[in-house]
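Below, chains carry the letters A, B, ... as their sequence lines are ordered, and counting in each starts from 1. Side-chain atoms are counted along with the backbone in the values below, which use heavy atoms only and exclude waters and symmetry mates.
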There are 2 protein chains.
Amino acid sequence: MRTLKYALLGLIDRGPITGYDISKEFEKRIMANFWHAKHSQVYPELKRLFDENLITVELIIQGEKMEKKLYTITTEGHAEFVEWLLRDEPLGVTPKDVFRLRTFFSDFISASDYEQHLHSQLGKHNFKKGYLESSMTKSYDSIPQYGSKEFGDYAVLLGAIMREDSYIAWLKVCLDAVSHQN
Amino acid sequence: MRTLKYALLGLIDRGPITGYDISKEFEKRIMANFWHAKHSQVYPELKRLFDENLITVELIIQGEKMEKKLYTITTEGHAEFVEWLLRDEPLGVTPKDVFRLRTFFSDFISASDYEQHLHSQLGKHNFKKGYLESSMTKSYDSIPQYGSKEFGDYAVLLGAIMREDSYIAWLKVCLDAVSHQN
DNA sequence: ATATAACATGTAACTATTGACATGTTTAAT
DNA sequence: ATTAAACATGTCAATAGTTACATGTTATAT
């Protein structure tokens, strides 16, 4: 499906960007809430997009001699990206989730061991939710206008918070069910 | 991380099972709500678990001559599985989501094109939610006791329904935001 | 009877992803 | 001055996962 290709094209279509900054998006920024790739996957894919004439590259020097590569989208690149954006694909496979897998097999461990797991998970998801909510209040006090870059950022951030809320609610239901029974 | 290894060990630990039935779990059953593997990945992994002495195999004949392989867990296999179950691992990377990726880049398409996408997604997730809810009402009228196989089944099914609910709620917020602005 | 779907097990080639290796520069803090 | 963190770009080996190829059996419906 080459989804990484389109993730890169989208970022480059927003304006010239380096491979390093693209990798940062995947690892620390808003994008990390729904896509991920290591730099070892990003650099070869950029090379490939260049070979396919979907992006161009400009070598620039930062400071004394440090080299950077600035990638820019081509007309074909933009066309292919928008064509992908408009596609309506079937729902992909449900995402894998190791904690749900452990829950599925929880009958192999004691109620108190599973309860401990649930508390640990709750802590991690509450922490993540807190971080997401602070990003939200820091950046937005109202819903950005559709058509701006900010709308996309806002929508996926909101989606990430709602996903954490739902996960936390599920963990609490599980905790309730377990603790009322031992 | 070899998570597939533990997913297989867990299924086999519930009782002797064939590779075919394991594949069915991943593709059609409750398990499909949080893990997935094709039979082309399952068969080689079973071979590997056998080589590692974590499972044993018994060849049985179904009907006239059709061969089946029944896998059973060994003492070491059970020990390794429970050891994994009790592990507390850090939160993995956030799952990839192509629709969130499209939303992130929605400023490249018109409001009405994005609105159409949202309606399509809503249809798919509502359908999935309906299917999950019918499985739920068909199988459970109360919360199963912790420690039973049924508790795990129930918990992950409930989690899947809550996940769909949250996704649908998010799609509706996006739809609201877009339709009030064009 | 016969066709279709489900049962049953595998391999091979390819794509996607990760983790480790490898190297060098610039900025900010002490 | 020096050190640590961040900047910046790559490769390589291994693991994970998908798609297509390959083959044969049994049960169910027409």
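In this structure, B/Phe108 has its ring center closer than 6.0 angstrom to the ring center of A/Phe81. Taking the six-membered ring for Trp, B/Phe26 and B/His36 have ring centres at least 6.0 Å apart.
Residue B/Gln41 places at least one side-chain N or O closer than 4.0 Å to OP1 or OP2 of D/dG17. The phosphate of D/dA6 (OP1 or OP2) has no side-chain N or O of A/Lys24 nearer than 4.0 angstrom.
The side-chain contact (heavy atoms from CB on, under 4.5 Å) test with B/Leu9 singles out one residue from B/Ile55, B/Thr74, B/Val82, and that residue is B/Ile55.
Comment: A/Arg48 does not engage A/Asp51 in a salt bridge, judged by the lack of any side-chain N to carboxylate O separation of less than 4.0 angstrom. In this structure, A/Asp97 does not pair ionically with A/Arg102, as no charged nitrogen and carboxylate oxygen lie closer than 4.0 Å. A/Arg87 has no carboxylate O lying under 4.0 Å from a charged side-chain N of A/Glu80, or vice versa, which leaves the two without a salt bridge. Taking a cutoff of 4.0 Å between a charged side-chain nitrogen and a carboxylate oxygen, B/Lys172 and B/Asp176 do not qualify as a salt bridge.
Between A/Phe151 and B/Tyr114, the ring-plane angle classifies as perpendicular under the 30° and 60° cut-offs. Ring pair B/Phe99/B/Trp170 is perpendicular by interplanar angle, where above 60° counts as perpendicular and below 30° as parallel.
Near-neighbour residues of DNA chain D inside residues 26-38 of chain B, defined by a heavy atom below 4.0 Å, number-ordered: B/His36, B/Lys38. Looking at residues 42-66 of chain A, you'll see A/Tyr43, A/Gln62, A/Met66 sit with a heavy atom under 4.0 Å from some atom of DNA chain D.
In this structure, A/Ile73 CD1 and A/Ile12 CD1 are separated by 6.0 Å, a value rounded to the nearest 0.5 Å. Of the inter-residue distances, the one linking B/Leu46 atom CG with B/Lys5 atom NZ reads 13.0 Å to the nearest 0.5 angstrom.
Where DNA chain C meets chain A (any atom under 4.0 Å from a heavy atom), the bounding nucleotides read 5' to 3' are C/dA16 to C/dT26.
Taking atom NE2 of A/His39 as the reference point, atom P of D/dT11 lies 10 Å away to the nearest angstrom. The NZ-P distance, from A/Lys68 to D/dG10, rounds to 14 Å in whole Å. The CG-P distance, from A/Leu8 to D/dT9, rounds to 13 Å in whole Å.
Counting any heavy atom pair closer than 4.0 Å across all strands shown, A/Lys96 reaches sugar-phosphate atoms only and no base atom.
Judged by distance alone with a 3.5 Å cut-off, a donor-acceptor contact links the side chain of B/Ser40 to the base of D/dT19.
Looking at which nucleotide of DNA chain D each of A/Val93 and A/Asp21 is closest to, the 5′-most match is held by A/Asp21.
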